[in-house]
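Chain identifiers are assigned alphabetically (A, B, ...) following the order of the sequence lines, protein sequences preceding nucleic acid strands; residue numbering begins at 1 within each chain. All values below come from the heavy atoms of this structure, side chains included, with hydrogens, waters and symmetry mates left out.
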Amino acid sequence: MEWRADGILLTVRRHGESAAIIELFTEAHGRHLGVVPGGASRKLAPLLQPGAQLDATWRARLSDHIGSYKVELTTSRAADAMGDRLSLAGLGAVCALLSFCLPEREAHPALYARTAALLDGLGAERWAEAYLGWELALLDEMGFGLSLDACAVTGTNEDLAFISPRTGRAVSKEGAGDWADRLLPFPRCLSGGPVTGAGDLLDGLKTTGHFLAHHLAPSLGDKPLPAARQRLVDLLARQAGGPING
Amino acid sequence: MTDAPKDIEALIEVMARLPGLGPRSARRAVLHLIKKRGQLMRPLAEAMTRVADTARECLNCGNIGTADLCPICSDERRANGQICVVEDVADLWAMERGGAFQGRYHVLGGTLSALDDIGPDDLRIPKLIDRVRGEGATEVILALNATVDGQTTAHYIAGEIEGLGVSVTSLAQGVPIGGELDYLDDGTISAALKARKTL
């Protein structure tokens with residue numbers, strides 16, 4: 001068995017004295033593990049930083065073996081991100097979430113393309129908004145997408161003000177009735193509207209955080225969400241000047 | 001399998017668990033020790049027993065010493081207001097080998113890691129904040145590895161220390177002494193370019 005592909009490095013774990021086991025997110029093979037001989041060596045370890053774009057060749061005798069990777073660095077995103085707190089937190093959150101929730105060896109080409117674009121834009125203006133859109137796409141790919149086009153109760157697409165924390169469907173003010181206090185707020189930015197401020201963005205992250213923590217995570221064995229995601233949200237909240245429990 | 005007696009075999013097995021050694025190299029080392037019993041093996045055994053009895057973590061900085069406070073923390077001349085934060089004791093010893101730093105250290109005991117589920121509470125960050133407040137520190141130098149986990153930890157600590165009135169700095173990143181540009185990765189060259197200085 002052998003294939004060659006470009007991939008985004010998600011995690012690196014030392015294996016024995018000098019090897020490393022890496023998780024690579026590729027377009028055609030999804031999240032795919034493999035051993036990198038010499039991956040913990042002085043020569044290779046600096047290149048194997050999360051977020052790196054690698055040209056990888058995977059080989060194994062049988063397809064269900066973990067196999068070994070031969071890798072070459074294409075782009076090192078970590079080096080550019082290290083100088084900026086938000087970029088580094090974003091890089092960490094993206095890699096940790098993908099490692100947390102992607103099933104092994106299942107292709108997600110649309111999410112791959114979106115992730116590569118998001119990581120390439122680290123540090124750019126409005127990056128946090130792009131990150132929120134990426135979390136929505138991640139939920140969608142994992143089968144927990146939000147349905148925000150019309151009210152789940154009345155069917156109207158006007159005056160949508162809430163999101164059901166159970167179904168992820170939009171609810172209008174009229175449809176919410178006495179249940180309004182049990183519903184999540186509907187930040188405009190989630191339906192493609194402009195982000196009107198840090199509060200709007202943080203509300204959006206609070207909503208996606210709810211579905212990541214209470215729907216996606218339990219489906220994966222009830223593991224807690226990676227702390228890296230909360231650190232990113234905390235950092236955005238700190239920059240905006242307010243607390244959030246996302 | 002081996003023909004060595006049981007006790008020697010047990011020693012080989014223990015030695016083989018040391019970093020950098022495998023069963024073959026452990027066997028060679030044990031044979032060498034036996035041949036140099038008086039000059040090497042007994043002094044080694046005695047030194048190991050002494051260290052096993054006395055080695056402990058410094059209550060202040062986390063360095064390893066043989067008393068409650070390590071020699072660096074008990075040396076008043078090193079109370080110059082600078083605290084250098086390192087990931088583990090090996091990094092502290094590496095800094096000391098250089099001899100360029102004359103302040104005190106703080107050993108975190110690891111870095112934040114999503115993969116290993118290590119959070120701020122698992123590291124000695126609260127103790128660092130206490131020290132910054134209590135020792136009248138003027139500068140905290142974050143000497144953490146230039147890895148994603150190392151720098152994530154550095155930024156986290158910088159955020160926690162903000163507002164305590166101390167200057168927070170980190171080690172420079174770039175071309176190593178004796179390094180050749182042709183052999184450097186793109187990331188290092190990019191970091192070096194960003195940190196360029198006027199000559």
### Message
Among A:Thr75, A:Val12, A:Asp80, which residue has the highest count of heavy-atom pairs closer than 4.5 Å to chain B?
### Response
A:Asp80

Given that the side chain runs from C-beta out, which part of [X] has a heavy atom under 4.5 Å from chain A: side chain, backbone, both or neither?
X: B:Ala158; result: both
X: B:Ser190; result: side chain
X: B:Tyr156; result: side chain

Taking [X] for the side chain and [Y] for the main chain, is one N or O donor matched with an acceptor at less than 3.5 Å?
X: A:Glu17; Y: B:Gly20; value: yes
X: A:Arg238; Y: B:Gly159; value: yes
X: B:His155; Y: A:Leu86; value: no
X: B:Gln151; Y: A:Met82; value: no

### Message
Does any part of the side chain of A:Arg231, heavy atoms only, come nearer than 4.5 Å to the side chain of B:Leu112, both counted from C-beta?
### Response
yes

### Query
Any side-chain heavy atom of A:Arg13 sitting closer than 4.5 Å to one from B:Asp116?
yes

#### Entry: Nearest-0.5 Å distance, OG1 of residue B:Thr188 to CG of residue A:Leu47
8.0 Å

### Task
Check each atom of A:Leu235 against the heavy atoms of chain B and say whether the ones under 4.5 Å are side chain, backbone, both or neither.
neither

### Task
Below 4.5 Å from any heavy atom of chain B, which atoms of A:Thr74 appear? Answer side chain, backbone, both or neither.
backbone

## Note on the structure
Nearest heavy-atom contact between B:Thr152 and A:Leu88 is N-CD2, 3.3 Å

### Query
When you look at CG of A:Asp64, are more than 12 heavy atoms from neighbouring residues, nucleotides or ligands closer to it than 6.0 Å?
yes

### Task
Check whether more than 12 heavy atoms from other residues, nucleotides or ligands sit under 6.0 Å from atom CD of A:Glu2, and answer yes or no.
yes

